[in-house]
Amino acid sequence: MTYQQWLKFAQETLAKGVEKDPYLDPKFDANLLLQWVTKKSKAQILAFIDTELDQKTQQKITALLQQRAAGEPMAYVLGEAEFWSLNLEVSKDTLIPRPDTEILVEQALSISKQILKQQNQIAILDLGTGTGAIALSLADELKKCGAKWRILGVDLLENAVALATRNGLRNHLPDVEFRQSSWFDNVLERFDLIVSNPPYIDQHDENLNCGDVRFEPLSALVADEQGYADLRKIIENAPQFLNEQGWLVLEHGWQQGEKVRAMLSQQGWQDIESLRDYGGNERITLAKWK
């Protein structure tokens with residue numbers, strides 16, 4: 001089977017699943033699978049479209065195709081995902097890093113630069129680190145700036161901590177520390193900035209049955225109190241782990257901004273502000289502890 005023949009077969013196979021999963025893009029997904037397995041660029045594949053796939057490669061790529069045709073997220077199929085400027089290993093123990101979370105990284109970097117104008121180093125805590133995407137992206141940018149930093153990422157799951165640690169090595173950021181902890185339970189230090197993308201979806205939300213989230217761990221998606229339990233816990237406990245004038249930056253659901261701001265205000269936080277994601281929805285809320 002040639003590249004061209006396999007692409008035709010793959011697109012036809014994926015097209016059968018589009019009605020069940022509108023997130024499938026047969027042409028894009030087929031090309032991505034072929035590029036990933038052959039380690040060829042799209043241009044190289046087009047230039048040599050009549051190249052024959054050997055039997056071993058054909059078996060491997062067809063197995064991956066069947067996973068994708070069943071709706072499994074491409075990140076899980078390939079075992080990796082791009083986030084910020086990093087390539088991250090992913091597993092079914094963690095969420096798949098999403099572009100909207102890059103808004104959180106942008107704001108955390110902006111706050112970090114403000115803090116570094118007043119002092120010569122910064123300490124950052126990433127709660128529920130998962131793949132380590134947020135912690136490692138911040139470390140990578142601060143490293144480029146030549147800043148002095150200390151970053152700790154914590155996660156409830158031992159497998160997630162191991163995964164984040166591997167991603168640190170994978171991206172040449174071995175100095176980022178990852179530790180097993182249920183939120184603040186195993187945290188003893190104080191920080192200038194705390195960031196988190198915690199579970200914030202209500203267990204009855206119908207979107208849990210759509211797209212990639214069907215395959216992601218519920219423990220990383222769902223929270224009690226209609227999705228607000230973990231956000232509340234972080235808001236209430238973060239001041240104990242912040243230095244004076246410390247900041248908190250949280251990701252939350254697109255309809256949760258108003259209530260998150262109210263919770264922060266009730267706890268005495270100041271300079272509270274919500275920011276919108278690329279779709280125009282309130283996605284990030286930040287606040288300062290004075």
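Of the charged side-chain nitrogens involved, none lies within less than 4.0 Å of a carboxylate oxygen, so that Arg276 and Glu106 do not count as a salt-bridged pair. The existence of a salt bridge linking Glu158 and Arg179 is excluded, since no basic side-chain nitrogen approaches an acidic carboxylate oxygen closer than 4.0 Å. A salt bridge links Asp271 with Lys290: the closest approach of a Lys/Arg side-chain nitrogen to an acidic carboxylate oxygen falls below 4.0 angstrom. The pair Arg190-Glu244 does not count as a salt bridge, with every side-chain nitrogen at least 4.0 angstrom from each carboxylate oxygen.
One N or O on the side chain of Asp277 and one on the backbone of Gly280 form a donor-acceptor pair closer than 3.5 Å. Between the Asn87 side chain and the Glu80 main chain, no donor and acceptor come within less than 3.5 Å of each other. At distances below 3.5 Å, at least one donor-acceptor pair connects side-chain atoms of Thr51 with backbone N or O atoms of Phe48. The backbone N or O of Leu34 sits less than 3.5 Å from a side-chain atom of Thr38, completing a donor-acceptor pair. For Gln118 (side chain) and Ile115 (main-chain N/O), no donor-acceptor pair under 3.5 Å exists by modelled atom type. A donor-acceptor pair is defined here as one N or O able to donate and one able to accept, closer than 3.5 Å; no such pair exists between the side chain of Ser182 and the backbone of Asp185. Between the side chain of Ser265 and the backbone N or O of Arg261 there is no donor-acceptor pair closer than 3.5 Å. Asp155 places no side-chain N or O within donor-acceptor distance of the main-chain N or O of Gln180, the cut-off being under 3.5 Å. No donor-acceptor pair closer than 3.5 Å links the side chain of Arg214 to the backbone N or O of Leu208. Using a distance-only test at 3.5 Å, with no hydrogens or angles considered, a donor-acceptor pair links the side chain of Ser196 to the main chain of Leu127.
Using a 4.5 Å heavy-atom cutoff, the side chains of Pro198 and Leu231 are in contact. With contacts defined as side-chain heavy-atom distances shorter than 4.5 Å, the pair Leu14/Leu65 qualifies. Between Lys144 and Ser85, the closest side-chain pair of non-hydrogen atoms falls below 4.5 Å. Contact check for Trp149 versus Gln121: no side-chain heavy atoms found under the 4.5 Å cut-off. In this structure the side chain of Thr285 reaches within 4.5 angstrom of the side chain of Ile272, judged on heavy atoms.
Within a 6.0 Å radius of NZ in Lys39, more than 12 heavy atoms belonging to other residues, nucleotides or ligands are found. Dense packing is recorded around CD of Glu189, with more than 12 heavy atoms of other residues, nucleotides or ligands lying under 6.0 Å away. By the neighbour-count criterion of 12 heavy atoms within 6.0 Å, atom CD of Glu258 is sparsely surrounded, having that number or fewer from other residues, nucleotides or ligands. Within a 6.0 Å sphere centred on NZ of Lys288, other residues, nucleotides and ligands contribute more than 12 heavy atoms. Residue-environment remark: NZ (Lys117) stays at or below the threshold of 12 foreign heavy atoms within 6.0 Å. Summarising the local packing, CD of Gln55 is surrounded by 12 or fewer heavy atoms from other residues, nucleotides or ligands at distances under 6.0 Å.
The two atoms that bring Thr131 and Asn167 nearest to each other are O-ND2, 2.9 Å, heavy atoms only.
Put simply, CG on Leu275 and CG on Asn281 are 13.0 Å apart, with the number rounded to the nearest 0.5 Å. Interatomic distance, CZ of Arg283 versus CD of Gln256, reported as 9.0 Å (0.5 Å rounding).
Taking Lys8 as the reference, Glu12 meet the salt bridge (charged side-chain N to carboxylate O under 4.0 Å, His left out) condition, with sequence neighbours excluded.
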Does the salt bridge (Lys or Arg N to Asp or Glu O under 4.0 Å) test come out yes or no for Glu141 and Lys143, once each step is laid out?
CA-CA 5 Å; Glu141 293 299 324; Lys143 182 179 178 181; over 6 Å; no
Before giving the answer on side-chain contact (heavy atoms from CB on, under 4.5 Å), spell out for Trp6 and Thr62 the whole-Å C-alpha distance, their side-chain angles and the decisive distance to 0.1 Å.
CA-CA 9 Å; Trp6 188 87; Thr62 302; 3.6 Å; yes
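Ring-centre distance between Trp247 and Trp289: not below the 6.0 Å cut-off.
The stretch residues 218-230 participates, sequence neighbours left out, in these side chain to side chain donor-acceptor pair (under 3.5 Å) pairs: Trp183-Asp230, Glu225-Arg232.
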